[in-house]
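Data first, discussion second: the structure below is written as structure tokens.
Chain naming here is simple, since letters A, B, ... match the order of the sequence lines and numbering starts at 1 in each.
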2 protein chains.
Amino acid sequence: MHQPEHLKSAGLKSTLPRLKVLDLFENSKERHLSAEDVYKQLLSSGEDVGLATVYRVLTQFEQAGLLVRHHFEGGKSVFELNKGEHHDHIVCLQCGHVEEFYDTAIEARQEKVATELGFTIRDHSLHIYADCTKKKCPHKRLRMPPGTH
Amino acid sequence: MHQPEHLKSAGLKSTLPRLKVLDLFENSKERHLSAEDVYKQLLSSGEDVGLATVYRVLTQFEQAGLLVRHHFEGGKSVFELNKGEHHDHIVCLQCGHVEEFYDTAIEARQEKVATELGFTIRDHSLHIYADCTKKKCPHKRLRMPPGTH
DNA sequence: TTGCAAATAAGAACAATTATCATTCGTATA
DNA sequence: TATACGAATGATAATTGTTCTTATTTGCAA
Ligand SMILES: [Mn+2]
Ligand SMILES: [Mn+2]
Ligand SMILES: [Zn+2]
Ligand SMILES: [Zn+2]
């Protein structure tokens, strides 16, 4: 199980639900999880947490900088561990798998565009929705594509 | 009022609610409107439409290619007239005003990245959230910044 | 005009998320 | 270690944005 210090240093008191949620993100196969994903995975592994607590904890972790929240299409928020380094996302329309990428040229151009328009960037999101080029999509069908549920 | 032909050629029968909604997009000060924006503006201009009809018509217009739907942060869908040319968006965090831009370098790089990862892009969204550099934000405070309501 | 499929309006239903509140827990202190 | 109290939890109600249902109305072709 995860160490309580990680939570303490984030200003959060070390409770069982928080440790379980953090643990799930550290050990889950998929990096990007919705509140329902977290809730169901905890239930199915025998843990007993309330859905409201999951939502609360995810928001707290986001505010503490432990998690990052994304708004992909499909209506629900998706979270991932904060690696400290920004990256953008490409979402497979066939299986919902999320691939990550970072392109310095894109990042630089955004700054340029914003500056020219008289803005200072605080945040941005670049989501690419795409089909896998391979005949059979190799990504695991762990989650439905956004907008498909 | 708008001409019925515009709807007819889109395969939609020319009804009063549809003409009113299309009219609103043609004449509204803000290009980007949510379902609630449309509903309230129609009500306040004396028109009598149902909210469900607004949602239905917006979706139909999107499918007919008359409108484009965006998912900015803040939970609600936002629509704009389809100009036929793709563009990305920069949202002012101080007033919610939406500025549009198009950058060929960014678009090209996205293709490159996707191809390298084995994907064919079907769609994408690039949203920049930024502060206006001017002392006093010059944009009209017509809508609250996303996530602020 | 009339006829009828298509469209509307009102409200119920839904899904994701947040708020409320009585109970339980974590931890600082005696 | 026992106690005490504010913080956290879980059950459930409430909210929000959106879609569905259905009885009624409307556009338009014959
Ligand atoms: Mn980026
Ligand atoms: Mn673009
Ligand atoms: Zn990611
Ligand atoms: Zn636009």
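- In this structure, A:Arg18 contributes its side chain and A:Val57 its backbone to no donor-acceptor pair below 3.5 Å.
- Panel note: side chain B:Tyr102, backbone B:Glu85; no donor-acceptor pair is recorded below 3.5 Å.
- D:dT18 atom C1' lies 16 Å from atom CD of A:Glu73, rounded to whole Å.
- At whole-Å resolution of the value, CG in A:Leu7 and P in C:dG26 are 12 Å apart.
- Note on A:Ser34: every side-chain N or O is 4.0 Å or more away from OP1 and OP2 of C:dA16.
- At least one side-chain heavy atom of A:Leu12 sits less than 4.5 Å from a side-chain heavy atom of A:Phe61.
- Going from atom CZ of B:Arg69 over to atom C1' of D:dT19 covers 11 Å, rounded to whole Å.
- Here B:Tyr55 does not reach the OP1 or OP2 of D:dT19: none of its side-chain N or O atoms lies under 4.0 Å away.
- What separates NZ of B:Lys40 from C1' of D:dT16 is a distance of 12 Å, to the nearest Å.
- Remark: the backbone N or O of A:Ser34 is paired with a side-chain donor or acceptor of A:Asp37 at under 3.5 angstrom.
- Sorted by first and then second residue, the salt bridge (charged side-chain N to carboxylate O under 4.0 Å, His left out) pairs with a member in residues 59-69 of chain A read A:Glu62-A:Arg69; sequence neighbours excluded.
- Between A:Tyr39 atom OH and C:dT17 atom C1' the separation is 14 Å, expressed in whole Å.
- Rounded to an integer number of Å, the gap from B:Leu19 CG to C:dA7 P is 13 Å.
- For B:Leu58 and D:dT18, the CG to C1' distance is 11 Å, given to the nearest whole Å.
- Note: NZ (B:Lys76) to P (C:dT17) measures 16 Å, nearest angstrom.
- B:Lys112 meets the side-chain contact (heavy atoms from CB on, under 4.5 Å) test with B:Arg109, B:Glu116; sequence neighbours excluded.
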Quick one: what's the B/S/- string for nucleotides 4-10 of chain D, heavy-atom cutoff under 4.0 Å, read 5' to 3'? --BSSBB
